[in-house]
Amino acid sequence: MKLLFVLTAFVWCLAGCQKDDSAAPLIDAPFDQQVTLRQQQSGAFPNQRMPELTVKVEGVNDSRCPQDVVCAWGGVAEVVLSIQAADGSSQTLKLVLSGVSADAQGMVQANDRGYLVVLHDVTPYPKTTAAQQPKSIVLSVQRN
C-alpha cells in the first residue's frame, strides 16, 4: 500500500512538470526575409540542416523614449549579435536603432563573402504604463 502511494505521488509529480519555454530554440531563418529572435535565441541562415551563418542575440539595451512620454531625446536601442560562420569562426556585431531612424545595418565577412545584417525593429516599444517585457528583435540577413 505504501509503495502504491509513493508511485501515485511520483506519477502526479511528473504530470505536473511543464516544459520550460524560457530556453530559446535555434530557428530556421531564410536569407532576405525578416525573422524575429528573442534574447539569447539564434537563427540559422538559411536553415538548421546546413547553416551558412548563425546569428545569436546576445543582448538588447533599449533606452528609447517611451511612447506615452514627451522626451527631448528619442533614445536608442542597442543590439549585440554574435555571428558564427559555417567554419565555426565568430564575430560580434553591434547595431544601434535610434528612436527616429528606420533601420540599422552592418556588414560582416564570413565564408569568403559579405553579409548585410539589417535590424528592422526592437519590440515591444517602451511604455511607462506597461510592465517590462522581454525584448525581441526583427532582422534580416542578405548575402552579398
Side-chain angles (χ1 to χ4, degrees), residues 5-144:
F5 176 76
V6 171
L7 286 175
T8 303
F10 179 74
V11 170
W12 277 103
C13 287
L14 285 178
C17 292
Q18 293 181 343
K19 182 181 172 188
D20 181 11
D21 289 333
S22 64
L26 179 68
I27 65 166
D28 287 344
F31 286 109
D32 303 317
Q33 293 183 22
Q34 291 186 9
V35 294
T36 301
L37 299 173
R38 298 177 303 216
Q39 288 193 54
Q40 299 303 310
Q41 186 173 30
S42 298
F45 291 84
N47 59 54
Q48 297 176 51
R49 284 185 299 110
M50 297 191 59
E52 185 175 321
L53 208 64
T54 303
V55 177
K56 181 178 182 182
V57 181
E58 294 292 343
V60 178
N61 182 16
D62 194 350
S63 67
R64 294 175 293 177
C65 180
Q67 287 178 332
D68 49 352
V69 175
V70 177
C71 300
W73 181 61
V76 296
E78 297 177 343
V79 175
V80 177
L81 303 172
S82 173
I83 301 176
Q84 185 175 21
D87 66 4
S89 63
S90 64
Q91 55 191 297
T92 301
L93 179 64
K94 182 178 178 180
L95 297 174
V96 179
L97 190 65
S98 74
V100 294
S101 71
D103 293 332
Q105 57 188 9
M107 289 290 300
V108 294
Q109 292 291 324
N111 306 317
D112 297 322
R113 71 180 327 151
Y115 297 89
L116 177 66
V117 181
V118 181
L119 175 62
H120 300 284
D121 200 6
V122 175
T123 59
Y125 200 93
K127 291 182 182 180
T128 59
T129 57
Q132 196 158 17
Q133 297 175 331
K135 296 290 183 178
S136 294
I137 68 165
V138 180
L139 64 79
S140 61
V141 177
Q142 301 167 8
R143 290 181 182 128
N144 286 338

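These numbers come from a predicted model, not from an experiment. Quick note: numbers below take in every heavy atom, side chains included, and nothing from hydrogens, waters or symmetry partners. Numbers here are sequence positions counted from 1.
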Enter the distance from Gln48:CD to Ile27:CD1 here, rounded to the nearest 0.5 Å.
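Interatomic distance, Gln48 CD to Ile27 CD1, rounded to 0.5 Å: 8.5 Å.
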Do you know the tightest heavy-atom contact between Lys135 and Pro124?
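The answer is NZ-O, 2.6 Å.
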Is there a side-chain contact between Ile83 and Thr92 (heavy atoms, below 4.5 Å)?
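Answer no - side chains too far apart.
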Once rounded to the nearest 0.5 Å, what's the spacing between atom CG of Asn61 and atom NZ of Lys94?
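Here the interatomic distance stands at 8.5 Å.
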Smallest separation among heavy atoms of Gln41 and Thr36, with atom names
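So the minimum-distance heavy-atom pair works out to OE1-O, 4.1 Å.
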Quick one: CD on Gln133 to NZ on Lys127, what's the gap to the nearest 0.5 Å?
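The CD atom of Gln133 sits 9.0 Å away from the NZ atom of Lys127.
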Taking the side chain as C-beta and beyond, is there a heavy-atom pair between Val117 and Val55 under 4.5 Å?
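No - every pair of side-chain heavy atoms lies 4.5 Å or more apart.
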Regarding Asp121 and Thr123, is there a side-chain donor-to-acceptor distance under 3.5 Å anywhere?
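Short answer, no.
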I need the minimum non-hydrogen distance between Val76 and Ser98, along with the two atoms involved.
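The pair with the smallest heavy-atom distance is CG1-CA, 4.0 Å.
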Could you check whether any side-chain heavy atom of Gln105 comes within less than 4.5 Å of a side-chain heavy atom of Gln142, counting everything from C-beta outward?
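Counting from C-beta outward, Gln105 and Gln142 never come under 4.5 Å.
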Is the closest side-chain heavy-atom distance between Thr54 and Leu26 below 4.5 Å?
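When only atoms from C-beta onward are counted, Leu26 and Thr54 do touch, with a gap below 4.5 Å.
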With rounding to the nearest 0.5 angstrom, report the OG1 to CD distance, Thr129 to Gln67.
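So the OG1 of Thr129 and the CD of Gln67 are separated by 8.5 Å.
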Check whether any side-chain heavy atom of Gln40 sits under 4.5 Å from a side-chain heavy atom of Pro134, and report yes or no.
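No - every pair of side-chain heavy atoms lies 4.5 Å or more apart.
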Kindly give the heavy-atom pair with the smallest separation between Ala85 and Asn111, and that separation in Å.
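Answer, listing the atom of Ala85 first, then Asn111: CB-OD1, 3.4 Å.
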Does CG belonging to Asn144 count more than 12 external heavy atoms closer than 6.0 Å?
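Buried by this count: over 12 neighbours within 6.0 Å.
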Any Ile137 side-chain heavy atom under 4.5 Å of Leu97 side chain:
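No. Closest side-chain heavy atoms not under 4.5 Å.
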Can you tell me if Gln84 uses its side chain to pair, donor with acceptor, with the backbone of Lys56 under 3.5 Å?
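A pair under 3.5 Å: no.
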Mind checking whether Tyr115 and Phe31 have parallel, tilted or perpendicular rings, split at 30° and 60°?
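Ring orientation of Tyr115 relative to Phe31: parallel.
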Any donor-acceptor pair under 3.5 Å linking the side chain of Asp62 with the backbone of Val122?
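Here the side-chain-to-backbone pair does not exist.
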Heavy-atom distance under 4.5 Å between the side chains of Leu139 and Val79, does that happen here?
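Leu139 does not reach Val79 side chain to side chain.
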So which atom in Leu53 and which in Ala110 form the shortest heavy-atom distance, rounded to 0.1 Å?
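For Leu53 and Ala110, the tightest heavy-atom pair comes out as CD1-CB, 3.8 Å.
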Locate the shortest heavy-atom distance separating Gly59 from Gln39; write the atom from each residue and the value.
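Answer, listing the atom of Gly59 first, then Gln39: CA-OE1, 4.1 Å.
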